[in-house]
Chemist: 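Sharing a structure with you now.
These figures come from a predicted structure and were not determined experimentally.
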Amino acid sequence: MEQINLDEKVLLAYKGPFHLNILTVFGNYVRQVCCAENNAINKLYKVFFELTQNVAYYSADRNTLNDMSNAGIGKIFLTDESDNFRMTTSNLIFKEQANILVEYCEEVNSMDRESLRIYKSKKRSMLNPNKNGAHIGIIQVGILTLNKVDFKVEHVNDKHSIFTISAIVNKNYPLLNYNDE
Amino acid sequence: MNNLVIETLPDMPYFPEVNFNVDTGVCEICGESYMEDSYKFYAPVKDWITEYSQTGKRLEFHFKLTYFNTSTSRIILEILDLLKKHREAGHQLVINWYFRKSDPDMIDEVEDFQRESEVIINLIELN
């Protein structure tokens with residue numbers, strides 16, 4: 001049973017399949033329900049799709065529709081923390097992916113924004129374009145938010161773990177070209 | 001060779017609108033792009049550019065994407081690579097990318113595309 005924290009201002013909580021049509025509805029809702037500068041809303045919207053499509057593509061727990069398309073199952077939690085929004089996703093992963101994901105998140109957290117842009121370009125150039133996903137979503141989250149991601153891996157059983165990641169999106173980002181800073 | 005027109009459906013906003021005109025060489029991609037299987041959606045787009053390029057005519061490309069996921073960004077680089085080949089073959093090329101002031105991250109995205117693809121992209125701010 002999930003704990004309810006009455007001090008949290010919850011804007012969205014969902015557990016289930018991350019099919020694209022559901023994500024589209026939630027994405028539009030995120031843009032409408034979050035009160036902040038346009039720049040922050042844009043960032044939140046982009047972070048929403050990077051995190052949720054990671055669950056859709058890579059969750060080890062899958063759901064199949066009548067048309068045989070399938071999507072990952074997971075959880076998303078969006079809260080308003082007065083100065084920022086916190087978006088958290090969780091999903092089941094295979095045990096052998098845990099260390100890879102932890103190293104990936106640590107690597108992203110160790111870099112500044114400009115290093116992340118170069119890292120993204122390098123990874124993007126090595127991708128197979130004929131596959132879903134780009135495996136650079138977490139780098140993009142770091143670039144967009146200018147904050148480190150919180151993450152953890154929890155043991156489930158011999159085969160599976162749960163991967164949880166949180167992104168912090170500030171409510172006020174400067175409305176200027178970052179190159180002018 | 002025909003025009004390439006893909007319209008956006010209201011219940012599927014994750015597909016962008018595509019409008020490529022074979023007579024004028026003006027090509028537009030508008031809206032959002034975060035579909036699954038992005039490589040399937042963009043296959044006819046890339047095929048059209050490859051075929052058009054063989055005509056040797058001027059190409060004017062307008063990116064009016066307000067959001068695209070990282071998976072789509074990989075395909076955009078492939079499109080830019082095709083456009084680069086068009087220019088390298090000695091044909092005229094103009095690429096414009098439109099963005100809103102409320103989305104300065106888009107400027108960085110386009111700068112990264114420019115650096116990676118080595119093509120000139122004109123950034124145009126929308127009011």
Chemist: With side chain to side chain donor-acceptor pair (under 3.5 Å) as the criterion, how do A/Ser125 and B/Glu116 come out once you've worked through the C-alpha distance, each side chain's angles and the decisive distance to 0.1 Å?
Modeler: CA-CA 8 Å; A/Ser125 68; B/Glu116 289 171 57; over 6 Å; no
Chemist: Give, as side chain, backbone, both or neither, the part of B/Arg115 having an atom under 4.5 angstrom from any heavy atom of chain A.
Modeler: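 It is the side chain, since no backbone atom gets that close.
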Chemist: Decide yes or no on side chain to side chain contact (heavy atoms under 4.5 Å, CB included) for A/Arg124 and B/Asp112, but give the supporting numbers first.
Modeler: CA-CA 11 Å; A/Arg124 187 159 61 186; B/Asp112 290 346; 4.1 Å; yes
Chemist: Which atom names give the shortest non-hydrogen contact between B/Pro13 and A/Thr24, and what distance separates them?
Modeler: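 Between these two residues, the closest heavy atoms are CG-CG2, 3.4 Å.
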Chemist: Taking atom CG as the centre, does A/Asp112 end up with more than 12 heavy-atom neighbours from other residues, nucleotides or ligands that are less than 6.0 angstrom away?
Modeler: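 For A/Asp112, atom CG is crowded (more than 12 foreign heavy atoms under 6.0 Å).
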Chemist: Between A/Lys120 and B/Glu109 (salt bridge meaning N to carboxylate O under 4.0 Å), is one present in this structure?
Modeler: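 Between B/Glu109 and A/Lys120 there is a salt bridge, with a charged N closer than 4.0 Å to a carboxylate O.
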Chemist: Heavy-atom pairs under 4.5 Å with chain A are the metric here; pick the option from B/Met106, B/Met12, B/Glu32 that has the most.
Modeler: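 Heavy-atom pair counts peak at B/Glu32.
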Chemist: Could you walk me through whether A/Lys46 and B/Asp103 pass the side chain to side chain contact (heavy atoms under 4.5 Å, CB included) check?
Modeler: CA-CA 11 Å; A/Lys46 294 174 183 184; B/Asp103 188 14; 2.7 Å; yes
Chemist: Taking 4.5 Å as the heavy-atom cut-off, does anything in residues 53-69 of chain B contact chain A, and if so which residues?
Modeler: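 The residues closer than 4.5 Å to chain A, in numerical order, are B/Tyr67, B/Asn69.
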Chemist: Does B/Asp105 reach the side chain of A/Asn42, with side-chain heavy atoms less than 4.5 Å apart?
Modeler: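 No - every pair of side-chain heavy atoms lies 4.5 Å or more apart.
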Chemist: Nearest 0.5 angstrom please: A/Ser69 OG to B/Asp37 CG, how far?
Modeler: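 That separation rounds to 9.5 Å.
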Chemist: Do A/Asn21 and B/Tyr14 have side chains that get closer than 4.5 Å, going by heavy atoms?
Modeler: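 Yes, at least one pair of side-chain atoms sits under 4.5 Å.
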Chemist: Between A/Tyr57 and B/Met35, which heavy-atom pair has the shortest distance, and what is it?
Modeler: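 Residues A/Tyr57 and B/Met35, closest heavy atoms: OH-O, 3.7 Å.
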Chemist: Are A/Ile168 and A/Val108 linked, directly or through other ILVMFWY residues, by side chains that come within less than 4.5 angstrom of each other?
Modeler: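 Result: no, two separate clusters.
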Chemist: CD of A/Glu96: more than 12 outside heavy atoms within 6.0 angstrom?
Modeler: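 Result for CD/A/Glu96: enclosed.
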Chemist: Hydrophobic cluster membership, with links at side-chain heavy-atom distances under 4.5 Å among I/L/V/M/F/W/Y: are B/Met1 and B/Ile79 in one?
Modeler: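 Both belong to a single hydrophobic cluster.
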Chemist: Which residues, numbered in order, of residues 117-124 of chain B come under 4.5 angstrom of chain A by heavy-atom distance?
Modeler: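 No residue falls under the 4.5 Å cut-off.
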Chemist: Do A/Val102 and A/Ile162 share a hydrophobic cluster (ILVMFWY, side-chain heavy atoms under 4.5 Å, transitive)?
Modeler: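 Hydrophobic grouping puts A/Val102 apart from A/Ile162.
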Chemist: Quick test of your reading of the model: are A/Arg113 and B/Asp108 salt-bridged, counting only N-O distances below 4.0 Å?
Modeler: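 Here A/Arg113 pairs with B/Asp108 in a salt bridge, since their nearest N and O are under 4.0 Å apart.
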Chemist: Got a sec: does the CD of B/Gln92 have more than 12 other heavy atoms crowding it under 6.0 Å?
Modeler: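 Atom CD in B/Gln92 is not crowded, with 12 or fewer foreign heavy atoms closer than 6.0 Å.
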Chemist: Look at the side-chain heavy atoms of Ile, Leu, Val, Met, Phe, Trp and Tyr, link any pair under 4.5 Å apart, and say whether A/Val169 and A/Phe77 land in one connected group.
Modeler: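 Looking at the clustering, A/Phe77 is in a separate group from A/Val169.
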Chemist: Hydrophobic cluster membership, with links at side-chain heavy-atom distances under 4.5 Å among I/L/V/M/F/W/Y: are B/Leu77 and B/Tyr42 in one?
Modeler: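 In one cluster: yes.
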Chemist: Just how far is it from atom CD1 of A/Ile136 to atom OG of B/Ser71, taken to the nearest 0.5 Å?
Modeler: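 Answer for the CD1-OG pair, A/Ile136 versus B/Ser71, is 8.5 Å.
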Chemist: Answer yes or no: is there a side-chain heavy-atom contact under 4.5 Å between B/Tyr34 and A/Leu23?
Modeler: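 No, their side chains stay 4.5 Å or more apart.
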